[in-house]
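All figures in this text were calculated on a predicted structure; none of them were measured in a lab.
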There are 2 protein chains.
Amino acid sequence: MARKSASGRIGIADVAVKAGVSHATVSRVMNGNFTVDPEIAARVRAAAAELKYQPNPVGRSLALGKTDTIGIVVPDLANPTFQAILRGLSRAAAQDGYRVLIADSFEVSSEESILAGEARRRCDGLVLCAPRMSDAELEEIAPSLHPLVLINRTTAAPGVPSLVVDYGQGVQDIAEHLVELGHARLAFLAGPHGSASNDMRLKGLEAFMAAHPHVDVTMLEGGSDFDTGHEAVDAVLASGATGILAFNDLVAMGLMSGLHERGLEVPGDISVTGFDDIPFARYTTPALTTGAVPITELGEQAWRQLRALIRKEGDEPPGGWYQPRLEVRASTGPAKAPRTTVHG
Amino acid sequence: MARKSASGRIGIADVAVKAGVSHATVSRVMNGNFTVDPEIAARVRAAAAELKYQPNPVGRSLALGKTDTIGIVVPDLANPTFQAILRGLSRAAAQDGYRVLIADSFEVSSEESILAGEARRRCDGLVLCAPRMSDAELEEIAPSLHPLVLINRTTAAPGVPSLVVDYGQGVQDIAEHLVELGHARLAFLAGPHGSASNDMRLKGLEAFMAAHPHVDVTMLEGGSDFDTGHEAVDAVLASGATGILAFNDLVAMGLMSGLHERGLEVPGDISVTGFDDIPFARYTTPALTTGAVPITELGEQAWRQLRALIRKEGDEPPGGWYQPRLEVRASTGPAKAPRTTVHG
DNA sequence: CCGGATCGAGAAAACGCTTTCTCGAGTAGC
DNA sequence: GCTACTCGAGAAAGCGTTTTCTCGATCCGG
């Protein structure tokens, strides 16, 4: 516990002494309570200014029962998608005087739940970003995490808004685009196992395949980063596909880089598409055709939802559903004459 | 104030009642204090488990005078360099049970100082990332921010470790590389005004120019993002330079993209270099020659420094100086026959 | 068998703040 | 001129912990 007094930092008590009033009065002045004599208020303000007094947020939080902080749990801070969400969230929250505490689970889904709980306890609310945990686990802990907003994940637990991108429709749009360009053999470079957004893409592809029985779609194992794409070159070539749907832009970039090393032309030999439309997608060579998701906006929306929950406002429509927009750039083009399997 | 009791959440008091002991004993048990009867301890633990009790971090922070949180202030969260630092910092801090609070100043240097102070008060320490504020201002507020670690910036204020990348040497290495390839006309696409790391690059170039009076170096206005590079195409071409040192990888990527649109070959017509070696640099086409900085490691080191300060250990050597490593990739090549000014 | 040392746990103070409660002083009303 | 009411500010409680203080009980040696 406590040294005799003053932990070095100056507190409300020091101001009170200097101004010759009580703590209570100082607090009242600092919080703009007008039931205090203007002359005294001025004296207090002067004392506070002179001592450069700034209220201790921890004491404040304890008394007020709020921290003016929200938490965000992401599976991988290295992923530009989550960075963008974080950015949007942070900016939006900052405008309302809230700060963001980050918790990176490093894709360890077993830790996620504890991490979320711990983060939540320090904050007034939580954003759970594409959690990898099971539906059952999510549903179980959701109530204890309230106010809670989910991104790219839904739950049966009540009162939890979800912001989700319709990846299923997105991949269908991309696949359609490739088919229109004459590609008859497609390949999908899948994302991480257990990723809900990957499942949505898979479902979308199933729908696509049902609607286009004549199109051949190969499923390939994958991941979510450059290296995944780069290492997938052999598998992609072996598939004989001429139109490749990469899990996201990162994978697509890795793949394009790998194809380039093999001397293959994009889109001359093979068309490549990404997903997300991260800022870099516009500047690859060739510029990447992708499913554009307003990622930063997603973060902003997450804050709005969370804010409504924190303030117990009911007026914010709960959750939201984002449609990716097909962004056609230079990495896709007409299919060549049907290729046979080529060994790289 | 306060409602009668229990704000919904269960507290130490509830556990105490259920276990039939005092708050104090519960606290002792939770904190592994062994001066408590094992039988009672078990009872407390059982009660705690049954109620799913988790200590309130705010109350804990107030009593302990620590928050187990550190803050980081960055000028722009959209910048991959700062993202990487954040990632390294977050990961390293997490391993020691600390969380990271982020504060994005959005390049508004006037806000930086207040932002830093506010963030600091909520945390046990602060990392100030390439602050844009003036030397005087930095030196003035530094003491009130202690424990404080600076990245890419130094200050005369005592007790403030600095982790700085030797951008000056880095650009010199890159410039040398270009000269060795036969380039006699270089151009530097500068970074943001007021950025200390830009100043360091400028100093490095001055040294280079002094050592290479026969090499022509044009200074061009710039910034730190894609668009800066993209928009600089005209200026670059007008300069007649064949070797371009972009402020960082982002600018280089934007520039390459712009050159590509103009039908110019990199490195055939013009060699382009970046700085930082962000993950994307390896995957551009052509892959980007750049000055590689161990950015994530910088974040980790920042935590080590900060931790030493927080724990009041003296054994951590204060600060550090990072040498960029020239990473030669495909975006640089032999100079063509000297070009005359070309209009794009 | 008794006194001093030991030990374990409850009571209470402290962390720094906000807010209710309380009470004295000033003011208006009759 | 005295009561009733208002207003402003100090006292104190409370937020949820940790930790010192205190004290009864146990234990040991003399």
Whole-Å gap separating C1' (dT19(D)) and CD1 (I12(B))
12 Å
Distance in Å, T155(A) OG1 paired with L150(A) CG, rounded so as to fall on 0.5 Å steps:
6.5 Å
Counting only N and O atoms by type, is there a donor-acceptor contact under 3.5 Å from the side chain of R153(B) to the main-chain atoms of C129(B)?
no
For atom CG of L64(B) and atom C1' of dA13(C), their distance in whole Å
16 Å
Using only atom types and a distance under 3.5 Å, with no angle test, would you say the side chain of R122(B) pairs donor to acceptor with the backbone of T69(B)?
no
Quick one: does R28(B)'s side chain have a donor or acceptor within less than 3.5 Å of a partner on N33(B)'s backbone?
no
Looking only at non-hydrogen atoms, find the nearest pair between C123(A) and G71(A) and report the distance.
SG-N, 3.5 Å
Please check this pair: side chain of N152(B) against backbone of A196(B), looking for a donor-acceptor N/O pair closer than 3.5 Å.
no
N33(A) CG to dT18(C) P, in whole Å, measures 11 Å
Give N31(A) one of three labels, base, sugar-phosphate or nothing, depending on what nucleic acid heavy atoms sit under 4.0 Å from its own.
sugar-phosphate
So does I141(B) get a backbone contact from the side chain of S144(B), meaning a donor-acceptor N/O pair under 3.5 Å?
yes
Could you state the CE-P distance from M30(A) to dC17(C), rounded to the nearest angstrom?
9 Å
Residues from residues 36-56 of chain A lying under 4.0 Å of DNA chain D - heavy atoms:
V36(A), D37(A), I40(A)
Look at the side-chain N and O atoms of S22(B) and state whether any lies under 4.0 Å from the OP1 or OP2 oxygen of dA9(C).
no
Roughly what angle, to 10°, lies between the helix axis at the start of the helix from dC1(C)-dG30(D) to dC30(C)-dG1(D) and the one at its end, five pairs per end?
60°
Under 4.0 Å, heavy atoms only, any strand: does V21(B) hit a base, just the sugar-phosphate, or nothing?
sugar-phosphate
Test item: D104(B) side-chain N/O and L77(B) main-chain N/O as donor-acceptor pair under 3.5 Å:
yes
Taking the nucleotide of DNA chain D with the nearest heavy atom to each, does A24(A) or F34(A) sit closer to the 5' end?
F34(A)
If you assign H23(A) and H23(B) each to the DNA chain C nucleotide with the nearest heavy atom, which residue ends up on the more 5' nucleotide?
H23(B)
Quick check: are there more than 12 heavy atoms from other residues, nucleotides or ligands sitting under 6.0 Å from NE2 of H23(B)?
no
Is a side-chain N or O of D124(A) found less than 3.5 angstrom from the main chain of T67(A), in a donor-acceptor match?
yes
What is the distance, to the nearest angstrom, from the CG atom on D68(A) to the P atom on dT18(C)?
12 Å
If you find the nucleotide of DNA chain C closest to G20(B) and the one closest to L62(B), which residue's nucleotide is nearer the 5' end?
G20(B)
K66(B) has an atom NZ; how far is it from atom P of dG16(D), in whole Å?
21 Å
Per-pair distances, 0.1 Å, donor-acceptor, side chain in residues 54-64 of chain B, under 3.5 Å, sequence neighbours excluded:
residue : atom : partner : partner atom : Å
N56(B)  : OD1  : V58(B)  : N            : 2.6
N56(B)  : OD1  : G59(B)  : N            : 3.3
S61(B)  : OG   : P57(B)  : O            : 2.8
S61(B)  : OG   : K66(B)  : O            : 3.1

Every protein N/O lying under 3.5 Å from an N/O of nucleotides 24-28 of chain D:
none

In whole angstrom, what separates R122(B)'s CZ from dG16(C)'s C1'?
15 Å
Test applied, side-chain hydrogen bond (donor to acceptor under 3.5 Å, both in side chains); reference residue, R132(B); option that passes from E107(B), E137(B), E111(B), E112(B)
E107(B)
Atom pairs under 3.5 Å, N or O on each side, protein against nucleotides 21-27 of chain C: can you list them with distances?
none

Listed partners of Y98(B) passing ring-ring contact (aromatic ring centres under 6.0 Å, His included), at least two apart
W303(B)
When rounded to the nearest 0.5 Å, the distance separating CZ of R304(A) from CD of E300(A) is 6.0 Å
Return the nearest nucleotide to the side chain of A63(A); candidates are dC15(D), dA9(C), dT17(D).
dC15(D)
Test side chain to side chain contact (heavy atoms under 4.5 Å, CB included) applied to S197(A) and V165(A), step by step:
CA-CA 8 Å; S197(A) 79; V165(A) 175; over 6 Å; no
Reckon S27(A) touches a base, only the sugar-phosphate, or nothing at all at heavy-atom distances under 4.0 Å?
base
